[in-house]
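Working notes, beginning with the structure itself.
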Amino acid sequence: MKTTPRRIRQWTSCISLMGLFCTLGCTESASPLDELDERYLEIMVDLAVADRDSSRNVRNSEARRRKTAGEKARVNFFHDKRVQKTIEEGRQAEAGTPDRIKADAYWQHLIVAQYWTEEEKAMETRLLGRLEEAASVEATWTSSDGISQIALDRSWSAVTRDADKLSEAEREDLLHQFLQHKMGLVNADLQALIELRNDVAQRAGFDNYWKLSLAGQGLTPEDVHEVVNELTMVVSPVHDVINQRIHQAAEEAGLAVTFSNTPTLRRMAGLDASRDTANAHFDTDLAEERVITAFQDMGIDTTGWQVYSGPRRYVRAGVYGFPVRPPDHVAIVMSQDRRWSIWQYEAMAHEAGHAVWWRSLDKESAASPVFWEPPAPWFEGFAQFFERMVYEPAFTARYVPELPEEEREKLSNWRRSTFAESITDGIVSTLVEERLYEDPNNLEAVCRFAAETRERLTSSPKPPVTEDGMVYDG
């Protein structure tokens with residue numbers, strides 16, 4: 001991927017801040033921006049703690065009240081005319097100086113926060129809470145004879161692993177109930193959230209919240225589209241090869257290449273065999289211990305890391321990192337629903353990568369929340385560097401000794417050969433998010449756009465449609 005001078009400047013400006021503070025800031029009187037840091041630090045620490053606690057239990061109403069209070073405090077902070085004046089005066093400093101770098105960073109937070117009201121932030125928190133609770137609802141498909149039961153709270157690929165022996169009629173019924181469960185999240189709460197955020201963005205002078213959010217990260221839609229176009233050229237040839245193998249498997253098995261059959265055909269083609277085999281050897285109950293031990297063996301200090309895991313029936317689905325009070329205290333929250341899965345290891349390693357960043361902040365940067373994160377779009381890439389570690393033979397040999405030696409290299413090769421599919425998921429998610437904020441009143445069209453985008457990138461079969469006309473995109 002091409003690295004533009006703009007992105008280089010974003011990165012070098014951030015990582016050079018430490019040196020600038022040491023050479024200039026240590027000998028000069030405190031800047032007015034440092035006084036902002038003192039106030040903003042406590043606000044962001046309280047907000048991170050509340051966010052951590054509400055992620056640990058999405059039904060924790062007390063934590064959500066604290067999160068709402070934290071969001072209101074952040075809004076009020078940036079509504080303060082003295083804060084706005086201090087930021088604006090700091091932006092008049094010479095380019096490259098500590099005050100100018102910090103003021104520009106504050107400005108990116110300011111342009112997103114200053115147009116919210118307390119009531120709107122409270123409403124946003126309520127809507128997000130309801131969506132998170134909806135995502136935690138469990139559902140199970142049961143066959144008509146009551147013999148077979150299959151959990152629906154997974155991807156279609158994972159669901160079909162338990163469905164290969166079902167009849168055609170049973171698989172159709174399974175797909176129908178799976179779609180109804182999954183598409184339940186595309187609801188009025190989601191629409192209300194988007195409309196609320198768009199109202200804020202339009203007051204700020206932006207067409208929609210997607211564009212405002214990018215501006216808050218120092219990016220433009222053109223920056224995003226440039227990256228998407230570059231990555232599309234990378235992943236397209238990989239999907240051509242994958243499709244050839246799927247169609248070959250379909251011809252040999254006498255199956256049609258449909259959405260419903262694709263996971264089965266992938267297994268027949270051996271596309272996911274290495275990961276499926278490996279999953280049976282990755283004990284999720286040991287993921288935290290093993291990943292943290294690996295980081296410690298690399299000389300990385302994990303003191304102050306807080307790790308929480310639990311089932312998604314109450315833990316926020318996925319994995320999340322929180323800078324509770326960096327560099328001394330960071331938190332990781334992740335859902336855990338399966339006893340055997342490599343996902344728990346890669347999720348832990350991913351957020352541990354974020355923890356490494358926060359743990360490495362120098363004193364001056366840690367005191368200013370506007371410097372807590374790597375500049376976009378590098379934040380997730382920094383964590384991906386550590387995530388890929390769990391697939392390497394050296395890691396599995398030392399920390400997952402249960403995985404047979406002959407499977408270690410196969411697992412590493414599987415990740416390299418299929419990582420393009422993860423990139424494709426990111427491309428689709430990005431473009432769909434843009435479309436959702438552009439047209440929140442037509443969720444059917446947004447869902448159709450998502451499916452068409454994936455089909456264009458991957459030549460995948462047409463996805464199914466729910467009873468109310470919503471096209472499903474996996």
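FYI, side chains are in, hydrogens and waters are out, and symmetry mates aren't considered; it's all heavy atoms of this structure. Along the sequence shown, the residues carry numbers beginning at 1.
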**OP:** Decide side-chain contact (heavy atoms from CB on, under 4.5 Å) for Val307 and Glu351; before the verdict, give the C-alpha distance in whole Å, the side-chain angles of both, and the deciding distance to 0.1 Å.
**Re:** CA-CA 10 Å; Val307 182; Glu351 290 306 324; over 6 Å; no

Original post:
Does the side chain of Thr97 reach to within under 4.5 Å of the side chain of Ile101, using non-hydrogen atoms?
Top reply: no

Original post:
Does Asp153 come within less than 4.0 Å of Arg312, counting only side-chain N to carboxylate O?
Top reply: no

Original post:
Under the criterion salt bridge (charged side-chain N to carboxylate O under 4.0 Å, His left out), which of Arg66, Arg59, Arg64 is the partner of Glu62?
Top reply: Arg66

Subject >> Aromatic plane relationship, Trp358 with His354 - under 30° parallel, 30 to 60° tilted, over 60° perpendicular >> reply: tilted

Subject >> Short side-chain donor-acceptor distance under 3.5 Å, Asp283 and Gln344 >> reply: no

Original post:
Do any N or O atoms from the side chain of His181 and from the backbone of Gln177 form a donor-acceptor pair under 3.5 angstrom?
Top reply: no

Original post:
Roughly how far apart are Arg316 CZ and Asp51 CG, rounded to 0.5 Å?
Top reply: 6.0 Å

Subject >> Residue pair Asn229 / Thr232, side-chain donor-acceptor N/O under 3.5 Å >> reply: no

Subject >> Side chain proximity check, Val234 to Glu230, heavy atoms < 4.5 angstrom >> reply: no

Original post:
Parallel, tilted or perpendicular: which describes the rings of His109 and Tyr40, with under 30° parallel and over 60° perpendicular?
Top reply: perpendicular

Subject >> Between Ser54 and Asn60, a side-chain donor and acceptor under 3.5 Å >> reply: no

Original post:
Going by atom types only, do Ser412 and Arg408 share a side-chain donor-acceptor pair under 3.5 Å?
Top reply: no

Subject >> Side-chain donor-acceptor contact under 3.5 Å, Trp414 with Asp272 >> reply: yes

**OP:** Begin with the C-alpha distance, continue with both residues' side-chain angles, and end with the deciding distance and a verdict on side chain to side chain donor-acceptor pair (under 3.5 Å) for Thr277 and Glu407.
**Re:** CA-CA 8 Å; Thr277 299; Glu407 296 296 330; 4.6 Å; no

Original post:
Does His79 reach the main-chain N or O of Trp116 with its side chain, forming a donor-acceptor pair under 3.5 Å?
Top reply: yes

Original post:
Quick check: does any side chain N or O of Glu118 sit under 3.5 Å from a backbone N or O of Lys72, one acting as donor and the other as acceptor?
Top reply: no

**OP:** Determine, stepwise, if the pair Gln296 / Asp301 fulfils side chain to side chain donor-acceptor pair (under 3.5 Å).
**Re:** CA-CA 6 Å; Gln296 291 171 342; Asp301 185 5; over 6 Å; no

Subject >> Arg74 NZ/CZ over Phe77 ring centroid, <6.0 Å and within 45° of normal >> reply: no

Original post:
So, His225 versus Glu434: side-chain donor-acceptor pair below 3.5 Å or not?
Top reply: yes

Original post:
Less than 4.5 Å apart, any side-chain heavy atom of Phe322 and any of Ile332?
Top reply: no

Original post:
Would you say Arg398 has more than 12 foreign heavy atoms packed within less than 6.0 Å of its CZ?
Top reply: no

Subject >> Flag side-chain contact, heavy atom, 4.5 Å: Pro327 against Lys363 >> reply: no

Subject >> Which residues share a ring pair (Phe, Tyr, Trp, His ring centres under 6.0 Å) with Tyr320, sequence neighbours left out >> reply: none

Subject >> Separation of Leu110 CG from Thr86 OG1 (nearest 0.5 Å) >> reply: 11.0 Å

Original post:
Checking side chain to side chain donor-acceptor pair (under 3.5 Å) for the pair Ser31/Asp34: CA distance, chi angles, key distance, verdict?
Top reply: CA-CA 5 Å; Ser31 162; Asp34 296 337; 4.9 Å; no

Original post:
How many angstroms lie between OH in Tyr391 and CZ in Arg415, if you round to the nearest 0.5 Å?
Top reply: 6.5 Å

**OP:** Indicate yes or no for a side-chain donor-acceptor contact from Asn187 to the backbone of Leu190 under 3.5 Å, with no hydrogens or angles considered.
**Re:** yes

Original post:
Does the pair Arg325/Glu42 count as a salt bridge with the N-to-O cut at 4.0 Å?
Top reply: yes

Subject >> Distance-only polar pair, side chains of Gln306 and Tyr308, donor-acceptor under 3.5 Å >> reply: yes

Original post:
Is there a donor-acceptor contact under 3.5 Å from the side chain of Ser368 to the main chain of Phe371?
Top reply: no

**OP:** Return the set of residues passing ring pair (Phe, Tyr, Trp, His ring centres under 6.0 Å) with Phe178 (not counting sequence neighbours), or none when no residue passes.
**Re:** Trp156, Tyr472

Original post:
Looking only at side chains, do Gln92 and Glu88 share a donor and an acceptor under 3.5 Å apart?
Top reply: yes

Original post:
Which one of Ile43, Val45, Asp37 satisfies the side chain to side chain contact (heavy atoms under 4.5 Å, CB included) criterion with Leu41?
Top reply: Val45

**OP:** Taking the side chain as every heavy atom from C-beta outward, state whether Trp141 and Gln149 have any atom pair closer than 4.5 Å.
**Re:** no

**OP:** State whether the side chain of Asp199 and the backbone N or O of Gln202 hold a donor-acceptor pair below 3.5 Å, judged by distance alone.
**Re:** no

Original post:
Any Lys/Arg nitrogen of Arg91 or Asp99 sitting under 4.0 Å from an Asp/Glu carboxylate oxygen of the other?
Top reply: no

**OP:** Kindly indicate whether the side chain of Thr140, heavy atoms from C-beta on, has any atom under 4.5 Å from the side chain of Ile150.
**Re:** no

**OP:** Check whether the side chains of Glu71 and Thr125 place a donor and an acceptor atom closer than 3.5 Å, and report yes or no.
**Re:** no

Original post:
Can any side-chain N or O of Asn198 pair as donor or acceptor with the backbone N or O of Tyr437 at less than 3.5 Å?
Top reply: yes

Original post:
Can you find a side-chain donor-acceptor pair between Thr117 and Glu120 that sits under 3.5 Å?
Top reply: yes

Original post:
Is any NZ, NE, NH1 or NH2 atom of the basic residue among Asp337 and Arg154 found under 4.0 Å from an Asp or Glu carboxylate oxygen of the other?
Top reply: no

**OP:** Write down the atom of Val390, the atom of Tyr345, and the distance for their closest heavy-atom approach.
**Re:** CG1-O, 3.8 Å

Original post:
Is there a side-chain contact between Asp328 and Thr303 (heavy atoms, below 4.5 Å)?
Top reply: no

Original post:
Is it true that atom OH of Tyr314 has more than 12 heavy atoms of other residues, nucleotides or ligands lying nearer than 6.0 Å?
Top reply: yes

Original post:
If you measure from the Lys or Arg side-chain nitrogens to the Asp or Glu carboxylate oxygens, is any gap between Arg313 and Glu138 under 4.0 Å?
Top reply: no

Subject >> Lys/Arg N to Asp/Glu carboxylate O, Glu133 vs Arg130, below 4.0 Å >> reply: no

Subject >> Crowding at CZ, Arg82 (>12 non-hydrogen neighbours, <6.0 Å) >> reply: no

Subject >> Exam field: side chain Asp53 to backbone Ala63, donor-acceptor pair closer than 3.5 Å >> reply: no

**OP:** For Ser341 and Arg338, indicate whether the former's side chain and the latter's backbone hold a donor-acceptor pair under 3.5 Å.
**Re:** no

**OP:** Before accepting this row, confirm whether a basic side-chain N of the pair Arg275/Glu346 lies closer than 4.0 Å to the acidic partner's carboxylate O.
**Re:** yes

**OP:** Check the pair Glu94 / Arg100 against salt bridge (charged side-chain N to carboxylate O under 4.0 Å, His left out), numbers first and verdict last.
**Re:** CA-CA 6 Å; Glu94 183 179 351; Arg100 177 61 181 274; over 6 Å; no

**OP:** Could you list the residues that satisfy ring pair (Phe, Tyr, Trp, His ring centres under 6.0 Å) with Phe386, not counting sequence neighbours?
**Re:** Phe295, Phe382

Original post:
Side chains of Val315 and Val58: does their closest heavy-atom pair fall under 4.5 Å?
Top reply: no

Original post:
Would you say the side chains of Ser365 and Asp362 form a donor-acceptor pair under 3.5 Å?
Top reply: yes

Original post:
Does the Asp439 side chain pair with the main chain of Leu436, one donor and one acceptor, at a distance under 3.5 Å?
Top reply: no

Original post:
Do the charged groups of Arg290 and Glu402 touch, with an N to O distance under 4.0 Å?
Top reply: yes

